[in-house]
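What follows is a set of notes on a single structure, which appears directly below.
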Amino acid sequence: MNIQAIEIARDQHMARLNVSCRLCGSRLRHSLVDLGMSPPCESFLQADQLDQMELYYPLNVLVCECCYLVQLKEYMSPETIFSEYAYFSSFSTSWVAHSKAYCEAIAKRLGLGAHSFAVELASNDGYLLQHLLALGVPVLGIEPAANVARAAVEKGVPTRVDFFGVRLAIQMVAEGLHADLIIGNNVLAQVPDLNDFVAGIKILLKPEGVVTLEFPHVERLMAENQFDTIYHEHFSYFSLLTINFMATRHGLRLIDVEELPTHGGSLRVYLAHQGSDRATRDSVAELLDREKRHGLTEMTTYASFGYKAQRAKRDLLAFLISAKEEGKTICGYGAPGKGNTLLNYCAIGTDFLDFTVDRNPYKHGRYTPGMHIPVKPIEAIEQAKPDYILILPWNLKDEIIQQMHHVAAWNAKFVVPIPFVTVIDPSELRK
Ligand SMILES: [Zn+2]
């Protein structure tokens with residue numbers, strides 16, 4: 001079967017699926033990449049669950065030819081994912097520092113003070129709002145996971161346990177709450193009903209208020225082959241083109257955009273009401289133009305991504321197979337959600353990786369979903385002295401290689417799987 005025939009067969013398959021775009025409602029007919037079946041990436045197993053059945057869902061990513069939203073069909077309800085969430089933002093020191101710098105800059109840019117009101121959607125444990133509070137700005141966090149919201153309240157950050165959308169926005173406005181600033185960091189991907197979420201923002205925002213949203217940039221995801229950042233908890237992946245479409249549809253206007261290095265390359269967009277007096281900066285038109293030049297309005301660009309993911313899988317497996325043939329030992333570093341997409345898509349189990357390690361004690365003694373690789377404390381690497389260490393959270397590779405530099409003592413090497421397989425010898429790097 002030639003490539004054209006494969007693509008025709010794929011399009012026919014898509015037509016049978018009969019799925020509509022979660023933003024514009026068009027029938028979805030194109031696939032970005034099909035990563036096969038995978039269990040939810042945060043469902044780490046305990047030893048007594050290893051011989052039980054696991055739930056697997058498709059990781060078939062679709063793209064809309066009208067609004068360019070890259071998306072997964074929803075299989076798990078947000079209530080199951082987010083009611084008791086294991087991720088506390090404050091555990092990441094670099095993320096807290098990133099948020100503090102943002103708060104100082106935005107308070108200055110918008111002239112926020114005691115007279116203002118800022119709302120963060122999916123405010124987690126108050127990692128960000130604490131910095132606005134320190135600047136004297138009244139705040140409110142909205143957070144669906146009760147356990148992380150409790151941690152925020154204990155820090156003195158007022159937080160409501162709820163899902164955000166039109167219902168809650170109307171309720172807040174009725175209570176006299178109107179926001180000068182609405183913040184949404186890494187929440188957009190996890191919103192099942194985008195239109196309800198953005199319509200809620202429109203209702204809650206003051207006439208001259210500003211919204212800032214941060215999310216991984218799908219242009220970077222595609223350019224750097226970050227297929228492992230796709231998982232079931234992330235329903236949507238955005239270009240600026242899609243954000244522009246979404247804003248216009250809801251009477252909002254893009255007024256600025258910045259590119260950030262976080263999460264492998266993110267965007268921070270600034271939105272205001274369509275009729276707001278705020279000027280639109282040149283950054284918006286420049287980035288929209290660049291995305292068009294990079295082919296993000298062409299379905300063929302999206303279709304080619306699937307082949308890049310397959311290439312990365314073959315290269316990684318070829319490396320692991322040849323290392324095992326030479327009798328080498330290999331372990332993993334990290335047990336992030338994205339690691340599980342990579343391990344399941346490539347079918348890398350304990351036949352390749354003896355174990356992996358993680359800094360989060362919650363994961364110690366557990367096993368990765370699907371591939372059942374044991375997760376141990378960091379010290380396990382010291383004891384096992386493996387020949388190769390496969391870094392799963394590749395976005396943190398510089399930090400990890402620096403922290404684990406001592407593995408050079410037994411000539412261990414690091415392997416980074418994305419964007420392509422790279423072997424790094426720590427003895428050749430400066431300490
Ligand atoms: Zn669409």
Side-chain angles (χ1 to χ4, degrees), residues 7-8 10-35 57-78 121 164-166 184 186-202 211 213-223 226-227 229-254 257 266-267 269 271 274 284-285 287-306:
E7 280 170 7
I8 290 169
R10 196 162 65 179
D11 288 352
Q12 285 170 343
H13 171 67
M14 295 297 307
R16 279 196 298 274
L17 283 181
N18 194 14
V19 188
S20 302
C21 172
R22 86 162 28 89
L23 179 56
C24 76
S26 304
R27 170 80 75 86
L28 296 174
R29 302 189 303 140
H30 300 275
S31 166
L32 175 80
V33 61
D34 188 350
L35 298 171
Y57 301 93
L59 266 184
N60 183 14
V61 191
L62 314 175
V63 58
C64 174
E65 63 198 297
C66 298
C67 70
Y68 313 115
L69 180 68
V70 170
Q71 55 200 290
L72 274 174
K73 220 175 130 178
E74 184 188 329
Y75 294 97
M76 297 153 66
S77 79
L121 311 176
F164 184 77
V166 168
N186 296 312
V187 57
L188 222 44
Q190 301 174 344
V191 171
D193 188 345
L194 278 175
N195 288 308
D196 180 65
F197 188 80
V198 182
I201 287 178
K202 170 85 181 167
V211 184
L213 304 169
E214 286 181 33
F215 49 88
H217 190 190
V218 80
E219 185 205 63
R220 304 319 311 150
L221 185 156
M222 288 166 65
Q226 302 165 354
F227 63 87
T229 62
I230 293 164
Y231 38 82
H232 297 108
E233 286 86 339
H234 287 175
F235 309 132
S236 313
Y237 305 81
F238 298 86
S239 59
L240 192 65
L241 287 157
T242 301
I243 295 289
N244 196 32
F245 178 96
M246 185 178 82
T248 309
R249 188 184 168 113
H250 288 278
L252 296 167
R253 177 164 52 92
L254 259 172
V257 60
S266 296
L267 291 184
V269 297
L271 308 170
Q274 196 74 52
V284 175
L287 190 52
L288 288 171
D289 281 350
R290 189 182 87 194
E291 288 187 349
K292 283 181 202 151
R293 281 200 312 279
H294 288 181
L296 294 194
T297 54
E298 305 295 330
M299 288 300 111
T300 47
T301 310
Y302 295 94
S304 66
F305 181 73

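Residue numbers run from 1 in the order of the sequence given. Counting starts at 1 for both ligands and their atoms, following the listed order.
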Looking only at non-hydrogen atoms, find the nearest pair between S20 and G25 and report the distance.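 In terms of heavy atoms, the two residues are closest at CB-O, 3.7 Å.
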Using the rule given for ring pair (Phe, Tyr, Trp, His ring centres under 6.0 Å), can you reason through F164 versus F197, listing the C-alpha separation, both sets of side-chain angles and the distance that settles it, and then say yes or no? CA-CA 6 Å; F164 184 77; F197 188 80; 5.7 Å; yes
So, does [X] use its side chain to make a donor-acceptor pair with the main chain of [Y] at under 3.5 Å?
{"X": "E291", "Y": "L241", "answer": "yes"}
{"X": "R249", "Y": "L23", "answer": "yes"}
{"X": "K292", "Y": "T297", "answer": "no"}

Tell me, which protein N/O/S atoms are under 2.8 Å away from the Zn ion (ligand 1)?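 Those protein N, O or S atoms (cut-off: under 2.8 Å from the Zn ion (ligand 1)) are C21 SG, C24 SG, C64 SG, C67 SG.
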When the ring planes of H232 and Y57 are compared, do they come out parallel, tilted or perpendicular, using 30° and 60° as the limits?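 Judged by the thresholds at 30° and 60°, the geometry between H232 and Y57 is perpendicular.
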